[in-house]
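No hydrogens, no waters, no symmetry mates; every other heavy atom, side chains included, goes into these values.
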Amino acid sequence: MTNEVTVPLLPCASIDDIETFYGVLGFRTTYKQRKPNACVAVQREDLHLQFFEIAGFDPEQSYGSCLVITTDIEGLHRAFAAGMRAAYGKVLVSGTPRMTRPRARKNADGLGGFSVIDPGGNWIRVFRDAATAPMPATPAGRLAKALANAVVQADSRGSAGQAVRILDSALARPQADDDPVEQVEVLVYRAELAMVVHDPKTAAEMLARARSVTLTEDESERAASAFDNAAELAAALR
């Protein structure tokens with residue numbers, strides 16, 4: 001048989017909050033009911049999600065999760081980010097809901113991915129289709145390896161505190177041969193993690209340190225994505 005469709009059914013505390021949030025991301029409501037059980041279905045192109053309401057549900061304790069496989073994680077992330085900016089004036093990077101940035105995932109064979117954590121505490125994990133993905137590069141430098149390990153902890157497992165410890169340990173032991181671009185990437189990600197754990201002072205300090213790293217013209221081009229992220233974080237801090 002072919003053409004089967006699987007639709008995740010995920011928990012939440014409020015189907016109204018879910019409907020509003022996914023509307024921001026460009027989804028439309030395809031079904032909603034209050035009785036006998038409160039539930040809502042949303043759709044964005046071929047992406048279908050359904051949610052059911054549980055009285056007293058705590059999103060911070062949710063284990064709800066699903067995978068989304070796409071050939072264009074960057075395009076989907078840009079669309080979601082644009083919706084957030086239009087609705088909230090910024091991309092949500094801390095609290096619930098929030099969204100991470102596309103990054104290579106060491107625990108997913110190096111494929112790029114990002115996560116949306118919705119108002120129900122569900123992790124919608126977006127990954128690049130392995131069949132269409134280029135061969136991912138293996139992190140080589142000391143800081144790149146630390147960054148890869150931190151991404152696994154925070155972006156995949158939700159353990160921001162452990163990721164902070166990994167990066168703080170790496171940043172505390174600077175070495176002469178550290179790649180300046182990797183240093184910028186680590187500092188910017190450390191700033192993002194500071195915002196996740198509600199530490200805006202450290203976030204601002206890390207962004208300032210990232211801006212102070214001396215880069216060549218070529219290195220500045222390689223660090224462009226990290227500085228784009230830094231700009232988003234700075235805007236969210238205001």
Enquirer: Can you tell me how far CZ of Phe127 sits from CD1 of Ile73, rounded to the nearest 0.5 angstrom?
Expert: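 So the gap between those two atoms works out to 9.0 Å.
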
Enquirer: Test: side-chain hydrogen bond (donor to acceptor under 3.5 Å, both in side chains). Region: residues 11-25. Which pairs qualify, not counting sequence neighbours?
Expert: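 Of all non-adjacent pairs touching residues 11-25, those that pass side-chain hydrogen bond (donor to acceptor under 3.5 Å, both in side chains) are Asp16-Lys32, Asp16-Arg34, Glu19-Thr29, Glu19-Lys32, Tyr22-Asp118.
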
Enquirer: Restricting to non-hydrogen atoms, name the atom on Ala194 and the atom on Ala203 that form the minimum distance, rounded to 0.1 Å.
Expert: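 Taking every non-hydrogen atom into account, CB-N, 3.6 Å.
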
Enquirer: Looking only at atom types and distance, does a side-chain atom of Arg98 sit under 3.5 Å from a main-chain N or O of Gly95, one as donor and one as acceptor?
Expert: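 Indeed, once roles are kept as given, a pair shorter than 3.5 Å links the two residues.
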
Enquirer: Would you call Tyr31 and Cys39 a side-chain contact if the rule is heavy atoms closer than 4.5 Å?
Expert: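 Counting from C-beta outward, Tyr31 and Cys39 do come under 4.5 Å.
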
Enquirer: Roughly how far apart are Met206 CE and Asp199 CG, rounded to 0.5 Å?
Expert: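 Met206 atom CE to Asp199 atom CG measures 8.5 Å (nearest 0.5 Å).
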
Enquirer: Applying the 4.5 Å side-chain criterion to the ILVMFWY set and letting contacts propagate, would Phe57 and Ile124 be lumped into a single cluster?
Expert: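 No, because Phe57 and Ile124 fall into different hydrophobic clusters, even though each may have its own neighbours under 4.5 Å.
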
Enquirer: Would Arg222 and Glu182 count as a salt bridge (Lys or Arg N to Asp or Glu O under 4.0 Å) if you check the C-alpha gap in whole Å, the side-chain angles of each, and the deciding distance to 0.1 Å?
Expert: CA-CA 9 Å; Arg222 289 170 50 210; Glu182 293 177 4; 5.6 Å; no

Enquirer: Roughly how far, to the nearest 0.5 Å, is CG of Asn122 from CG of Leu10?
Expert: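 Atom-to-atom, Leu10:CG and Asn122:CG are 4.5 Å apart.
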
Enquirer: Test your reading of the model: is there a side-chain donor-acceptor pair from Ser159 to the backbone of Gln162, 3.5 Å cut-off?
Expert: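 Not a single qualifying donor-acceptor pair exists.
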
Enquirer: Establish whether Met195 and Tyr88 are linked, either directly or via other cluster members, by ILVMFWY side-chain heavy-atom contacts under 4.5 Å.
Expert: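 Yes, one cluster joins them.
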
Enquirer: Can you see which heavy atom on Ala41 is nearest to which on Gln50, and at what distance?
Expert: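 It is CB-CG, 3.6 Å.
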
Enquirer: Which pair of non-hydrogen atoms, one from Gly121 and one from Thr96, has the smallest distance, and what is that distance?
Expert: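 Reported closest heavy-atom pair: N-CG2, 4.2 Å.
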
Enquirer: How close do Arg44 and Ala79 get, heavy atom to heavy atom, and via which atoms?
Expert: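 Minimum heavy-atom separation between Arg44 and Ala79: NH2-CB, 3.3 Å.
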
Enquirer: Do Pro97 and Val116 have side-chain heavy atoms sitting under 4.5 Å apart?
Expert: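 The answer is no; the side chains never approach within 4.5 Å.
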
Enquirer: Which pair of heavy atoms, one from Phe21 and one from Pro119, lies closest together, and at what distance?
Expert: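 Closest heavy-atom pair between Phe21 and Pro119: CD2-CD, 3.4 Å.
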
Enquirer: Is it possible for you to say whether Val42 and Ile117 belong to one hydrophobic cluster, with membership spreading through side-chain heavy-atom contacts below 4.5 Å?
Expert: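 Cluster IDs for Val42 and Ile117 differ.
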
Enquirer: Without swapping roles, check the side chain of Ser62 against the backbone of Pro59 for a donor-acceptor pair under 3.5 Å.
Expert: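 Answer holds: no.
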
Enquirer: When you measure from the side chain of Ser220 to the backbone N and O of Thr216, does any donor-acceptor pair fall under 3.5 Å?
Expert: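 Confirmed, Ser220 side chain pairs with Thr216 backbone.
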
Enquirer: Hey, what do you get for CZ (Phe27) to CD (Gln43), rounding to the nearest 0.5 Å?
Expert: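 If we round to the nearest 0.5 Å, Phe27:CZ and Gln43:CD are 9.0 Å apart.
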
Enquirer: Would you indicate whether the side-chain heavy atoms of Phe114 and His77 approach each other to under 4.5 Å?
Expert: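 Side chain of His77 against side chain of Phe114, heavy atoms only: contact under 4.5 Å found.
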
Enquirer: Could you point out which residue of Val126, Asp129, Leu47 forms a side chain to side chain contact (heavy atoms under 4.5 Å, CB included) with Thr70?
Expert: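 Result: among Val126, Asp129, Leu47, Val126 is the only option passing the side chain to side chain contact (heavy atoms under 4.5 Å, CB included) with Thr70.
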
Enquirer: Would you tell me whether Arg105 and Ser156 have side-chain atoms, one donor and one acceptor, within less than 3.5 Å of each other?
Expert: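 Yes, Ser156 and Arg105 have a side-chain donor paired with an acceptor closer than 3.5 Å.
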
Enquirer: Is the side chain of His198 donor-acceptor paired with the backbone N or O of Ser94 at a distance under 3.5 Å, no angle test?
Expert: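 Not at all, since once roles are kept as given, no pair shorter than 3.5 Å links the two residues.
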
Enquirer: Please report the interatomic distance CG(Leu76) to CD(Glu45), rounded to the nearest 0.5 Å.
Expert: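 The CD atom of Glu45 is 8.5 Å from CG of Leu76, to the nearest 0.5 Å.
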
Enquirer: Looking at Asp46, I want to see if its CG is surrounded by more than 12 non-hydrogen atoms of other residues, nucleotides or ligands under 6.0 Å.
Expert: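 No, the 6.0 Å shell around CG holds no more than 12 heavy atoms from other groups.
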
Enquirer: Roughly how far apart are Met99 CE and Leu25 CG, rounded to 0.5 Å?
Expert: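 Here the rounded value is 7.5 Å.
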
Enquirer: Side chains of Arg125 and Ser65: donor-acceptor distance under 3.5 Å anywhere?
Expert: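 A donor-acceptor contact under 3.5 Å links the two side chains.
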
Enquirer: Show me the donor-acceptor pairs, under 3.5 Å and distance only, between side chains in residues 183-191 and residues at least two apart or in other chains.
Expert:
residue: Tyr189; atom: OH; partner: Asp155; partner atom: OD1; Å: 2.7
residue: Arg190; atom: NE; partner: Asp168; partner atom: OD1; Å: 2.7
residue: Arg190; atom: NH2; partner: Asp168; partner atom: OD2; Å: 3.3

Enquirer: Taking Thr100 for its side chain and Ser115 for its backbone only, find out whether a donor-acceptor pair lies under 3.5 Å.
Expert: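 Side chain of Thr100 to backbone of Ser115, a donor-acceptor pair under 3.5 Å: yes, one is there.
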
Enquirer: Is Ile54 reachable from Val40 through a run of I, L, V, M, F, W or Y residues, each pair having side-chain heavy atoms under 4.5 Å apart?
Expert: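 Not linked; separate clusters.
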
Enquirer: Does the side chain of Arg173 come within less than 4.5 Å of Arg142's, by heavy atoms?
Expert: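 Yes; the side chains approach each other to less than 4.5 Å.
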
Enquirer: Considering non-hydrogen atoms only, spot the tightest contact between Pro11 and Phe51 and give its length.
Expert: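 Smallest interatomic distance, heavy atoms only, reads O-CD2, 4.5 Å.
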
Enquirer: Going hydrophobic residue to hydrophobic residue with side-chain gaps under 4.5 angstrom, can you get from Phe80 over to Ile69?
Expert: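 In one cluster with Phe80: Ile69, no.
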
Enquirer: Begin with the C-alpha distance, continue with both residues' side-chain angles, and end with the deciding distance and a verdict on side-chain contact (heavy atoms from CB on, under 4.5 Å) for Arg128 and Thr71.
Expert: CA-CA 5 Å; Arg128 193 183 308 279; Thr71 59; over 6 Å; no

Enquirer: Please list, one pair per line, the donor and acceptor atoms closer than 3.5 Å that link side chains of residues 229-238 to other protein atoms, with sequence neighbours excluded.
Expert:
residue: Asn229; atom: ND2; partner: Glu192; partner atom: OE1; Å: 3.2
residue: Glu232; atom: OE2; partner: Arg85; partner atom: NE; Å: 3.1
residue: Glu232; atom: OE2; partner: Arg85; partner atom: NH2; Å: 2.1

